[in-house]
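So the structure is just underneath, and the comments pick up after that.
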Number of protein chains: 2
Amino acid sequence: MNAGNRDSAVFKSLGHPARLAILDALRGGEQCVCHLENVLGMRQAYLSQQLAVLKEAGLVRDRREGWNIYYFVSRPEIWVAVETVRSMPGMQIKTLLRRNTRHTHCPCPKCKPGAEQA
Amino acid sequence: MNAGNRDSAVFKSLGHPARLAILDALRGGEQCVCHLENVLGMRQAYLSQQLAVLKEAGLVRDRREGWNIYYFVSRPEIWVAVETVRSMPGMQIKTLLRRNTRHTHCPCPKCKPGAEQA
DNA sequence: ACATTATATTCAATAAATTGAATATAATAA
DNA sequence: TTATTATATTCAATTTATTGAATATAATGT
């Protein structure tokens with residue numbers, strides 16, 4: 001693949017609302033799939049597919065820890081591109097402030113029943 | 001359309017090698033379609049279609065002057081996003097230096113037969 | 001070994017993007 | 001008005017993306 005195609009592959013991976021939402025959910029740090037499932041209200045298989053696209057584009061990587069697989073943004077520079085587009089006139093800036101939580105163990109209800117979400 | 005969809009529509013429009021190439025060709029300033037036809041080696045109808053996508057995404061606008069329609073980048077901030085992706089490790093930086101030509105009248109061979117290209 | 005849990009993959013149906021070919025439009029010139 | 005030039009649109013065929021459903025895999029616990 002030449003440079004132009006690799007670049008457009010990255011943009012293509014950003015060209016989907018679900019994948020942008022997933023990236024946003026990873027903004028504060030790595031998250032396991034089950035956490036994303038809860039926070040984003042997407043089904044597991046669907047998340048896994050979208051995460052595979054982001055991974056293929058080189059934007060995220062994953063790390064296994066016991067049962068869970070934690071995904072994280074591997075190119076933090078991507079936020080520059082995302083925020084640039086979001087801050088363009090005519091695009092309403094809607095970067096919900098997210099808690100800068102880092103999880104070694106996922107605290108979402110599904111991972112730890114009874115615990116409240118991060 | 002909500003904000004997330006508008007953002008992803010912009011990224012989607014960048015997610016195609018031909019459209020990225022077109023944007024690059026507009027980097028130095030507005031160009032008529034026939035110029036792009038020559039410089040990029042794309043057929044007219046094809047260019048027109050891709051330009052429509054970029055226009056729909058809000059990245060370019062056009063201006064008629066006599067026979068020609070000149071397209072220009074209406075959101076220069078987009079270069080921040082483009083360069084950010086291009087400069088990511090693993091993506092070879094290949095921002096061909098382009099002459100910073102501005103054309104009031106297109107100098108390409110097709111527009112002015114016999115004249116050399118900008 | 002077997003059951004459970006978290007995640008991934010495969011498959012299929014549908015929707016959307018890509019792209020060439022043909023045709024239409026709009027400005028200009030004769 | 002007619003012809004020409006630059007650009008746009010429409011149509012159709014093909015490819016690719018989307019997404020749900022079912023199933024597979026891999027780590028853990030008993």
Side-chain angles (χ1 to χ4, degrees), chain A residues 1 4-5 8-22 26 30-57 60-72 103 105-113, chain B residues 1 4-5 8-22 26 30-57 60-72 103 105-113:
Chain A
M1 202 196 288
N5 284 338
S8 58
V10 170
F11 285 121
K12 193 180 295 189
S13 79
L14 295 174
H16 191 293
R19 291 193 292 265
L20 272 184
I22 292 171
L26 297 178
E30 63 178 14
Q31 301 286 358
C32 66
V33 179
C34 69
H35 182 84
L36 297 172
E37 213 176 329
N38 270 266
V39 169
L40 298 172
M42 298 173 184
R43 289 174 318 105
Q44 178 269 318
Y46 184 73
L47 269 169
S48 197
Q49 289 169 146
Q50 301 304 329
L51 284 165
V53 173
L54 291 170
K55 190 172 161 185
E56 174 72 15
V60 304
R61 279 214 293 279
D62 62 315
R63 168 181 83 77
R64 176 181 282 275
E65 187 179 303
W67 277 342
N68 301 310
I69 294 189
Y70 289 84
Y71 278 85
F72 58 96
H103 306 285
H105 298 92
C106 175
C108 74
K110 193 174 175 184
C111 295
K112 281 192 179 174
Chain B
M1 200 196 287
N5 284 337
S8 58
V10 170
F11 285 122
K12 194 181 293 189
S13 79
L14 296 173
H16 191 291
R19 290 193 293 265
L20 272 184
I22 291 170
L26 297 178
E30 63 180 14
Q31 301 286 357
C32 66
V33 178
C34 69
H35 182 84
L36 297 173
E37 213 177 329
N38 270 267
V39 169
L40 297 172
M42 298 173 186
R43 288 174 319 105
Q44 178 271 317
Y46 184 73
L47 269 168
S48 197
Q49 289 169 149
Q50 301 303 328
L51 284 165
V53 173
L54 290 169
K55 189 172 162 185
E56 173 72 17
V60 304
R61 278 212 293 279
D62 61 315
R63 170 181 82 79
R64 176 181 282 275
E65 186 179 304
W67 278 342
N68 301 311
I69 295 190
Y70 289 83
Y71 279 85
F72 58 96
H103 307 284
H105 299 91
C106 177
C108 72
K110 192 173 178 184
C111 296
K112 283 191 178 175

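The sequence lines fix the lettering, A, B, ..., with proteins before strands; numbering per chain opens at 1. Model, not experiment: these values are computed from the prediction.
Between A:Arg61 atom CZ and C:dT7 atom C1' there is a gap of 19 Å when expressed in whole angstrom units. Atom-to-atom, CE of B:Met42 to C1' of C:dT18 comes out at 13 Å; the value is rounded to the nearest Å. In this structure, CD of A:Glu56 is placed 13 Å from P of D:dT18, rounded to the nearest angstrom. When the P atom of C:dA8 is taken as reference, atom CG of A:Asp62 falls 7 Å away, rounded to whole Å. C:dT18 atom P lies 12 Å from atom CG of B:Leu20, rounded to whole Å. For the pair A:Glu37 CD and D:dT19 P, the interatomic distance rounds to 17 Å; values are reported in whole Å. Look at OH on A:Tyr46: it is 7 Å from P on D:dG20, rounded to the nearest Å. Taking atom CG of residue B:Leu47 and atom P of nucleotide C:dG20, one finds them 11 Å apart after rounding to whole Å.
Within the 4.0 Å cut-off from OP1 or OP2 of C:dT18, at least one side-chain nitrogen or oxygen of B:His16 is found. OP1 and OP2 of D:dT19 both lie 4.0 Å or more from every side-chain N or O belonging to A:Arg43. At C:dT5, none of the side-chain N or O atoms of A:Asn68 fall inside 4.0 Å of OP1 or OP2 (strictly under the cut-off).
The main-chain N or O of B:Arg64 is never found under 3.5 Å from a side-chain atom of B:Asn68 such that the two would form a donor-acceptor pair.
When every heavy atom of B:Ile22 is checked against every heavy atom of B:Gln50, the shortest pair comes out as CD1-CB, 3.5 Å. A:Ala21 approaches A:Leu40 most closely through the heavy-atom pair O-CD2, 3.9 Å. Considering every non-hydrogen atom in both A:Ala57 and A:Val10, the closest pair reads O-CG2, 3.8 Å. Nearest heavy atom pair, residue B:Tyr71 against residue B:Val60, reads CD2-CG2, 3.9 Å. Annotation for B:Lys12 and B:Arg19: closest pair O-NH2, 3.3 Å, computed over non-hydrogen atoms. When all heavy atoms of B:Glu37 and B:Met42 are compared, the closest pair comes out as CG-O, 3.1 Å.
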Check: protein-nucleotides 11-16 of chain D nitrogen or oxygen pairs below 3.5 Å:
none

Output a table of nitrogen or oxygen pairs between the protein and nucleotides 24-30 of chain D separated by less than 3.5 Å.
from   : atom 1 : to      : atom 2 : distance (Å)
D:dT28 : O4'    : A:Trp67 : NE1    : 2.9

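Between B:His16 and B:Tyr46, the ring planes are tilted. Angles from 30° to 60° get that label.
Judged by distance alone, with hydrogens and angles left aside, B:Gln44 brings a side-chain donor or acceptor within reach of the base of D:dA8, the pair sitting under 3.5 Å.
A salt bridge (charged side-chain N to carboxylate O under 4.0 Å, His left out) check over residues 42-53 of chain B, counting only residues at least two apart or in different chains, returns nothing.
Distances were taken from every side-chain heavy atom of B:Ser48 (C-beta onward) to each of D:dT7, C:dT19, C:dA8; the shortest belongs to D:dT7.
Within the 4.0 angstrom heavy-atom criterion, base atoms lie near A:Ala45.
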